[in-house]
Amino acid sequence: MKQSMSEDQQFIFDSIYTQVRSGFYSLEDVQNNIIEEIEDNGFEDEISEDWAYEQIDRVNEELLKESESWGENTQTTRLIAAFDELAESKIIALHYTGFTNDDGEYEVTEVERTLIDNDEKSEGYCFYHGQDMERAVRGEGLYISFQKINNVSDVVSREVAQKIVEVLQKHNLKVDWNGKAATRIFLPDFKWERIYNEDDRDLLNYNYVIDAILLNK
């Protein structure tokens, strides 16, 4: 079925696939996001709301069926626990920060600004963004960016990365990193497994990261 999609339909389908499988959005949120995306790209003449809703339902049904075999402790669950532990040790660890590395760095800077307002500073940061998520939901591994704010020392960068790697490994995640300051951390076998639940903490509201760091001042 996917073979018969136009380039524009494929573009929208890929966005649907990532958003539904990310587990960050309710189906209603995905519907609203996608309709907005169709309009922003001027695809209304080619892509109907009905088609978009049909794809959203199909991807969601496949996800629900697949999830029956996951078990409790998915890699995603372990990643969230690892990021929580990093926050407790003053490393800003953010989920799904916009679409690019620049978006991630912007979000990190915003968190740091709030910390400084509360007489605190981070010891480093890490995040993955929307393009990383696209790969992860397809089971192609997960890249994680890292650094320390306003840092120009490779030694400090490597120390931050080493701390992140240790915590990820502690949570039974396979990590691939070559020890270089300019190379992102990679989780090679990572497959994103998460279903949206309105009762779950909102991982896209980064206040809980700020709270975790300030609680451990």
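Side-chain atoms are counted along with the backbone in the values below, which use heavy atoms only and exclude waters and symmetry mates.
- In this model, no donor atom of one side chain and acceptor atom of the other lie less than 3.5 Å apart for S15 and T18.
- More than 12 heavy-atom neighbours from other residues, nucleotides or ligands sit within 6.0 angstrom of CG on N207.
- Electrostatic pairing of E54 and R58 does not count as a salt bridge here, judged by no charged N lying under 4.0 Å from a carboxylate O.
- In F24, the CZ atom is crowded: over 12 heavy atoms of neighbouring residues, nucleotides or ligands sit closer than 6.0 Å.
- A side-chain N or O of Q10 and one of D14 form a donor-acceptor pair less than 3.5 Å apart.
- Inter-residue side-chain proximity for Q31 and I56 is flagged as met; some heavy-atom pair is nearer than 4.5 Å.
- Among E134, E66, E62, E193, the one residue that satisfies the side chain to side chain donor-acceptor pair (under 3.5 Å) test with R21 is E66.
- Placement of I91 and L173 within a single hydrophobic cluster is found when ILVMFWY residues are connected by side-chain heavy-atom separations under 4.5 Å, directly or transitively.
- Between E37 and F11 there is a side-chain heavy-atom pair separated by less than 4.5 Å.
- Hydrophobic clustering (side-chain heavy atoms under 4.5 Å, transitive across Ile, Leu, Val, Met, Phe, Trp, Tyr) groups F190 together with I195.
- The closest side-chain heavy-atom distance from Q55 to Y17 is not below 4.5 Å.
- One finds the OG atom of S157 at 4.5 Å from the CG atom of N151 (value rounded to the nearest 0.5 Å).
- Each of I144 and F186 belongs to its own hydrophobic cluster when Ile, Leu, Val, Met, Phe, Trp and Tyr are linked at side-chain heavy-atom distances under 4.5 angstrom.
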- Task: Check step by step if side chain to side chain contact (heavy atoms under 4.5 Å, CB included) holds for I80 and R201.
- Result: CA-CA 11 Å; I80 292 167; R201 170 174 34 134; 3.9 Å; yes
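- Within a 6.0 Å sphere centred on NZ of K191, other residues, nucleotides and ligands contribute more than 12 heavy atoms.
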- Worked check of side chain to side chain contact (heavy atoms under 4.5 Å, CB included) between Q75 and L79: CA-CA 6 Å; Q75 291 190 82; L79 178 75; over 6 Å; no
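- Between H129 and F127, the ring-plane angle classifies as tilted under the 30° and 60° cut-offs.
- Hydrophobic clustering of Ile, Leu, Val, Met, Phe, Trp and Tyr side chains at less than 4.5 Å, counting indirect connections, keeps V155 apart from F146.
- Under a hydrophobic-cluster definition in which Ile, Leu, Val, Met, Phe, Trp and Tyr are linked whenever side-chain heavy atoms come within less than 4.5 Å, directly or via other members, M133 and Y196 are assigned to different clusters.
- For the residue pair V137 and S22, the shortest heavy atom distance occurs at CG1-N, 4.3 Å.
- Atom CG of L27 is separated from atom CG of N60 by 4.5 Å, given to the nearest 0.5 angstrom.
- Checked by atom type and distance alone, the side chain of W70 never pairs as donor or acceptor with a backbone atom of N73 at under 3.5 Å.
- A pairwise comparison of heavy atoms in Y206 and T97 identifies OH-CG2, 3.5 Å as the closest pair.
- The shortest distance between side-chain heavy atoms of L204 and Y96 falls below 4.5 Å.
- The shortest distance between side-chain heavy atoms of R194 and D200 falls below 4.5 Å.
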- D176/L187 under side chain to side chain contact (heavy atoms under 4.5 Å, CB included): CA gap, chis, key distance, verdict: CA-CA 6 Å; D176 186 2; L187 309 183; over 6 Å; no
- I47/Q9 under side chain to side chain contact (heavy atoms under 4.5 Å, CB included): CA gap, chis, key distance, verdict: CA-CA 7 Å; I47 302 177; Q9 284 175 324; 3.9 Å; yes
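- Without hydrogens or angle criteria, S48 side chain to E44 main chain gives no donor-acceptor distance under 3.5 Å.
- A distance of 10.0 Å separates CG of N33 from CD1 of I35, quoted to the nearest 0.5 Å.
- Atom NZ of K148 is separated from atom CD1 of I92 by 11.0 Å, given to the nearest 0.5 angstrom.
- Closest approach of I164 and I185 over heavy atoms only: CG2-CD1, 3.7 Å.
- Closest of all the heavy-atom pairs between N101 and S145 is OD1-OG, 2.8 Å.
- Across every non-hydrogen atom of A87 and V209, the tightest pair is CB-CG1, 4.1 Å.
- Two residues are said to be in side-chain contact when any heavy atoms from C-beta on lie closer than 4.5 Å; E198 and S26 fail this criterion.
- By the 4.5 Å heavy-atom criterion applied to side chains, V59 and F13 are counted as neighbours.
- Between Y25 atom OH and D202 atom CG the span is 9.5 Å, to the nearest 0.5 Å.
- Considering only heavy atoms from C-beta on, K170 comes within 4.5 Å of E85 through its side chain.
- Put simply, the residue from Y208, F83, W192 that forms a ring-ring contact (aromatic ring centres under 6.0 Å, His included) with H95 is F83.
- Atom CG of L86 sits about 11.0 Å away from atom CG of L94, to the nearest 0.5 Å.
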Atom pairs and distances, donor-acceptor, side-chain atoms in residues 114-123, under 3.5 Å, two or more places apart:
{"residue": "T114", "atom": "OG1", "partner": "E110", "partner atom": "O", "Å": "3.3"}
{"residue": "N118", "atom": "ND2", "partner": "T114", "partner atom": "O", "Å": "2.8"}
{"residue": "E120", "atom": "OE2", "partner": "K90", "partner atom": "NZ", "Å": "3.4"}
{"residue": "S122", "atom": "OG", "partner": "E112", "partner atom": "OE1", "Å": "2.7"}

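- Across all their heavy atoms, K163 and S89 have their closest contact at CE-OG, 3.5 Å.
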